[in-house]
Amino acid sequence: MSPATATQTGPTQPLQQPAEIRIYNTLTKTKEQLEPLRPPQIGMYLCGPTVYAESHIGHMVGPVIFDTIKRFLSYSGYQVTWVVNITDVDDKLIAKSRERQIPMSQIAVEMTADYLANLRELGVTQIDHLPRATDHMPQIIRFIESLESKGFAYEVDGDVFFEVSKDPHYGQLSNRTLEAMQGEGGEAAGKKRAAGDFALWKSARHGEPAWDSPWGKGRPGWHIECSAMSHEILGETFDIHGGGLDLMFPHHENERAQSSCCHDAPMVKYWMHNGLMRAGEKGKVGGKSDRQTSDDAAGKISRSKGAGGLSDLIRRHTGERIRFFLLRTQYRSTIVYSEEGLDEAGTALATFYRFFERFAEITGESFYDLPAPRTRDAGSVDPGGDPTLTEAVALRDKFLAAMDDDFNTGLAISTLFDLLRTANRFIDQQGLAAGAAADSAPVQTLKTLGGVIRDLTAVLGLFRKPPLDSGDSQADAELTEALMRLLIDLRKEARAKKDFATGDMIRDRLGEAGIALLDKKDGTSWERKS
RNA sequence: GGCGACGUGGCCAAGUGGCUAAGGCGAUGGAUUGCAAAUCCAUUAUUCGUCGGUUCGAAUCCGACCGUCGCCUCCA
């Protein structure tokens, strides 16, 4: 049975479908045409973190891809409301609170700040609502009451459980049958009617954070906060629900059960699950070794294995590099994390940065200041018979087609490289350099090319601002710039006198210090080697 | 044990029935350069884990096998 058919939104008016966007729906295991419930509005929910510890890079996969999805959907003419929850009450938080001898709420505040700072660094800026579980106790309690009154839940000594067998569709999302699930039932096994039943409300033990409820003092179970808060903000049925593959069961299965039983309506139209990140093996890149000696237990990255330190990773690699690294892989596949992979992403990114410098030198305009068109239509370009622009338009179309097909960011990025080559080739062929007449036709064409690249990279949330040398203060950066200017001028003078030995020494010594010089027709610039 | 994903060049990674198998990193040759770097051009998988099968035709569908990984307990 298709969940899509179960939703009635009244007469569908002839809405202009902005684009043929297809989404892989984990519920149906097929790619489906995106048809929002209430176009042009789209409601989107992503399961956020339980804030008991620092986030690690794996936590960023979902936010980065969904941030990109929202940017792309907005670009395609939709108005997206994106919600990411913060779960700030839970067993792990309580345990952490005991361990550190500080209130649970303080840990939650600290770790939420850490999470948000990381999101900011990775350019995740599109979230509209960040609801916290503890701010929604009345809604959560009402939700549970409603389930209880409809016969889907039962109370035992202050605990309330969802009775899984009452939901005829239970197991549909994660594709498992009740019979196949024969767990132990966890610590509350003795109280539950069936092992698969799960807690909606947990009675408080001594010293635990607790809220008043019809069942006595206690706290919400896992799952229920997402049902209550998504309902509060996005309604009974909304368009897209996302999260990591590992949340499919039990979290999403239970969420779905709670919400659809409570409202007697499908909870979500499109379920999306991103792949998980794995830790790569050790550094060695061997030759052709026939035997796969995977002595290094490479597995899913998780907090329980001590993963963390994302802010340190950002400091070393920059948020943009990490975002780019994540976006180069299709969101449903496993991403293997490795330092080498991140380094390579940095190398690839440098090609973009060099083009932006070239662009600025020739046009006199900063790439980063170019306006990014807000819609596909506004961003379209009329090539007017120009072969270079014709090529660019074709590549832009390819980019958009890739994104239309279940947000294939990896394929989309490949067209960006093609676009870069097109632009660089054009510059070379035209012999463009600093000082070119601003109103000349080639410069205008280059500006148009730059505009297309600006447009598309903005959809991916890249190049929002010039790359900074992380850790440098403003004053240090200025000093570095002045010293580099001096060295470059000295070398220039030496070379003018054909004193190549001195010139090369300056270049070599800078190279040893991790700085590369780039000689161009119109002068020399420098960059840090990654 | 149950359910599921994946296995594409040296590495990363698109492509899920049919033009010459994207793109990145790396490598090699060339243009350019005083020499480099950057940029551009060219080359770098007759082949897509293995073996069968379906088909006029498969990396793409089916089966078996090998291998890697995930979920089934907290996890983005």
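Proteins get letters first, then strands, A, B, ... in listed order; numbering begins at 1 in each. When reading the values below, keep in mind they use all heavy atoms of this one structure, side chains included, and skip hydrogens, waters and symmetry mates. The model shown is predicted, which means the values in this text are computed figures rather than measured ones.
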Assign each of D246(A) and D405(A) to its nearest nucleotide of RNA chain B by heavy atoms, then name whichever residue's nucleotide is nearer the 5' end.
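Closest to the 5' end, via its nearest nucleotide, is D405(A).
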Does Y331(A) or D418(A) map to a spot on RNA chain B nearer the 5' end, using the closest nucleotide for each?
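Its nearest nucleotide being more 5', the pick is Y331(A).
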Separation of the [atom1] atoms in [N] and [M], to the nearest angstrom:
| N | M | atom1 | answer |
| --- | --- | --- | --- |
| A58(B) | A21(B) | C1' | 12 Å |
| C61(B) | A42(B) | P | 33 Å |
| G4(B) | U39(B) | C1' | 46 Å |
| G49(B) | U16(B) | P | 15 Å |
| U47(B) | G7(B) | C1' | 15 Å |
| U60(B) | G15(B) | P | 15 Å |
| U33(B) | C19(B) | C1' | 40 Å |
| G24(B) | G67(B) | P | 36 Å |

Geometric class of the H223(A)/H251(A) ring pair [parallel <30°, tilted 30-60°, perpendicular >60°]:
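Judged by the thresholds at 30° and 60°, the geometry between H251(A) and H223(A) is tilted.
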Rounded interatomic separation in angstrom, taking [atom1] from [X] and [atom2] from [N]:
| X | N | atom1 | atom2 | result |
| --- | --- | --- | --- | --- |
| Q330(A) | A5(B) | CD | C1' | 13 Å |
| L327(A) | G24(B) | CG | C1' | 14 Å |
| L276(A) | C69(B) | CG | C1' | 10 Å |
| L173(A) | G4(B) | CG | C1' | 13 Å |
| L245(A) | A5(B) | CG | P | 10 Å |
| R176(A) | U73(B) | CZ | C1' | 12 Å |
| F324(A) | C25(B) | CZ | C1' | 11 Å |

Non-neighbouring partners of S525(A) that pass side-chain hydrogen bond (donor to acceptor under 3.5 Å, both in side chains), sequence neighbours left out:
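Expected list: K520(A).
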For [X], salt bridge (Lys or Arg N to Asp or Glu O under 4.0 Å) partners two or more places apart:
| X | answer |
| --- | --- |
| D418(A) | R421(A) |
| E391(A) | R425(A) |
| R509(A) | none |

Within the distance-only criterion (no hydrogens, no angle test), does the side chain of N85(A) pair as donor or acceptor with the backbone N or O of A133(A) below 3.5 angstrom?
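Absent.
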Check whether Q126(A) reaches the backbone of K70(A) with its side chain - one donor and one acceptor, N or O, closer than 3.5 Å.
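It does not hold such a pair.
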So what does [X] touch, heavy atoms closer than 4.0 Å: a base, only the sugar-phosphate, or nothing?
| X | value |
| --- | --- |
| G511(A) | nothing |
| M277(A) | base |
| G243(A) | sugar-phosphate |

When you get a sec, tell me which of [options] is the closest nucleotide to the side chain of [X]?
| X | options | result |
| --- | --- | --- |
| K398(A) | A22(B), A13(B), G23(B) | A22(B) |
| V61(A) | A76(B), G24(B), A14(B) | A76(B) |
| D504(A) | G4(B), C35(B), G24(B) | C35(B) |

State which residues pass side chain to side chain contact (heavy atoms under 4.5 Å, CB included) with [X]; sequence neighbours excluded, sorted by chain then number.
| X | result |
| --- | --- |
| T524(A) | I488(A), R491(A), L517(A), D519(A) |
| D386(A) | T388(A), L389(A), T445(A) |
| E121(A) | I314(A) |

Mind checking what makes ring pair (Phe, Tyr, Trp, His ring centres under 6.0 Å) contact with H59(A), not counting sequence neighbours?
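H56(A).
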Under 3.5 Å, side-chain donor or acceptor atoms of residues 498-506 of chain A against the rest of the protein: list the pairs with distances, not counting sequence neighbours.
unit_1, atom_1, unit_2, atom_2, d
D499(A), OD1, T502(A), N, 3.3
D499(A), OD1, T502(A), OG1, 3.2
D499(A), OD2, T502(A), OG1, 2.5
D504(A), OD1, R507(A), NH2, 3.4

Measuring to OP1 and OP2 of A14(B), would you say a side-chain N or O of S333(A) lies under 4.0 angstrom away?
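Answer is yes, contact under 4.0 Å.
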For C3(B), take OP1 and OP2 only and decide whether either is under 4.0 Å from a side-chain N or O of N175(A).
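Answer no for this pair, as no side-chain N or O of N175(A) is under 4.0 Å from OP1 or OP2.
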Between the protein and nucleotides 36-40 of chain B, which nitrogen or oxygen pairs are less than 3.5 angstrom apart?
unit_1, atom_1, unit_2, atom_2, d
A36(B), N6, D519(A), OD2, 3.0
A36(B), N1, D519(A), OD2, 3.0
A36(B), N3, R507(A), NH1, 2.7
A37(B), N1, D519(A), O, 2.6
A38(B), O3', R354(A), NH1, 3.2
U39(B), OP1, R354(A), NH1, 3.2
U39(B), O3', N424(A), ND2, 3.3
U39(B), O2', R358(A), NH1, 3.4
U39(B), O2', D428(A), OD1, 3.4
U39(B), O2', D428(A), OD2, 2.5
C40(B), O4', D428(A), OD2, 3.0

May I ask you to check whether F417(A) and F352(A) place their ring centers less than 6.0 Å from one another?
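Yes, ring centres under 6.0 Å apart.
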Among residues 407-414 of chain A, which ones have heavy-atom contacts with RNA chain B below 4.0 Å?
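Heavy-atom contacts with RNA chain B come from N408(A), L411(A), S414(A).
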Identify the stems formed by RNA chain B, where each pair is Watson-Crick or G-U wobble with both distances under 3.5 angstrom and a stem is at least 3 consecutive pairs.
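So the stems come out as B:1-7 with B:66-72, B:10-12 with B:23-25, B:26-31 with B:39-44, B:49-53 with B:61-65.
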